[in-house]
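First listed ligand is number 1; within each ligand, the first listed atom is number 1. We number each residue from 1, following the sequence as shown.
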Amino acid sequence: MRAGDKGSRENIALIGFMGSGKSETGRLLAPMLDLDHVDIDEIVAARAGMNISGIFEAEGESGFRVREKEALRAALQGDGMVISCGGGIVLDEANVRLLQDRCRVYLLHISKERAVERLSASGGRPLVAGGGLAQKVGRLLNEREHLYRDAADEIVAGDDASPLELAEEIAARWLRYRSAQREGNIPSS
Ligand code: S3P
């Protein structure tokens, strides 16, 4: 991070594992702060004219990652946004640099147990489809846990919080951060 960059970070990014509540939390958070909400998976699907599973089938994970990266770049042409990222956004170093340059990054952290519980009740996620959910989640979390933590400015505990509670918590933290920024007393990340 270059000195002075933080003053220009006008966006909020929500990162975290599948099932951590990034989309719903972002949708609730944005109007609390009078910001716009952008969901990277939704942009990807709209641009491709297919849902996420369809993209994985047609183009593989690598095709999806290219689209995800393009969608993040396009979204970050603007300011004043809450950006709900897909769980794999942190796999690409350039994505992480861009997020850190342009956003205050909040990690919605959930445990493996909670992720398994939530993902077993929902579909549409090709990386954990087709059985062996707990093993798949465990492997992905092992690969990614440090990437999430390294990319985050702040970590929010998500196991026992609803999207509304998460949104309220992040809104309060953001307002504290912005007021510290205005006073020239910017907390280091
Ligand atoms: C992915 C997470 C998904 C979606 C895609 C890949 C991942 O988004 O981008 O299925 O690699 O973790 P959510 O985190 O919103 O489920």
Side-chain angles (χ1 to χ4, degrees), residues 11-30 36-76 81-96 98-99 103 105-152 155-159 161-164 166-167 170:
N11 304 291
I12 292 176
L14 305 181
I15 64 169
F17 198 68
M18 292 173 266
S20 58
K22 304 175 295 288
S23 296
E24 184 62 4
T25 301
R27 198 179 63 72
L28 296 168
L29 174 62
D36 294 322
H37 181 228
V38 174
D39 190 302
I40 297 299
D41 274 357
E42 280 178 15
I43 299 179
V44 168
R47 285 183 160 197
M50 289 183 266
N51 64 23
I52 303 299
S53 299
I55 298 170
F56 269 72
E57 252 172 60
E59 303 174 3
E61 181 175 352
S62 60
F64 171 79
R65 297 296 172 206
V66 171
R67 290 180 175 278
E68 182 178 50
K69 185 171 187 161
E70 284 167 3
L72 181 65
R73 287 190 181 283
L76 281 171
M81 285 173 295
V82 175
I83 303 174
S84 299
C85 298
I89 204 97
V90 294
L91 296 172
D92 183 296
E93 278 177 29
N95 288 347
V96 172
L98 186 59
L99 287 171
C103 307
V105 182
Y106 295 87
L107 166 60
L108 275 51
H109 185 267
I110 53 170
S111 63
K112 177 186 166 192
E113 292 66 33
R114 189 61 97 234
V116 170
E117 190 184 299
R118 292 191 188 160
L119 294 173
S120 62
S122 71
R125 290 178 168 104
L127 286 182
V128 292
L133 179 62
Q135 287 89 331
K136 286 176 183 166
V137 168
R139 183 176 49 76
L140 288 169
L141 271 174
N142 279 345
E143 285 166 15
R144 294 180 179 181
E145 189 74 40
H146 69 287
L147 299 175
Y148 290 134
R149 288 182 184 276
D150 288 353
I155 301 175
V156 185
D159 266 6
S162 68
L164 181 60
L166 289 171
I170 295 168

Taking all non-hydrogen atoms of both residues, which atom of G26 and which atom of S84 are closest, and how far apart? CA-OG, 3.7 Å
Please name the pair of heavy atoms, one in V156 and one in I170, separated by the smallest distance, quoted to 0.1 Å. CG2-CG1, 3.9 Å
How long is the span from the OG atom in S20 to the CG atom in L107, to the nearest 0.5 Å? 7.5 Å
Under a 4.0 Å heavy-atom cut-off, which residues neighbour ligand 1? M18, K22, D41, I52, F64, R65, G86, G87, G88, R125, P126, L127, R144
So E68 and E61, side chain to side chain contact (heavy atoms under 4.5 Å, CB included) or not? Walk me through it. CA-CA 10 Å; E68 182 178 50; E61 181 175 352; over 6 Å; no
Given side chains that start at C-beta, do those of F64 and E59 come closer than 4.5 Å, heavy atoms only? no
Only pairs under 3.5 Å count here: list side-chain donor-acceptor contacts from residues 39-50, not counting sequence neighbours, and write none if there are none.
residue	atom	partner	partner atom	Å
D39	OD1	D41	N	3.1
D39	OD1	E42	N	3.3
D39	OD2	S23	OG	2.7

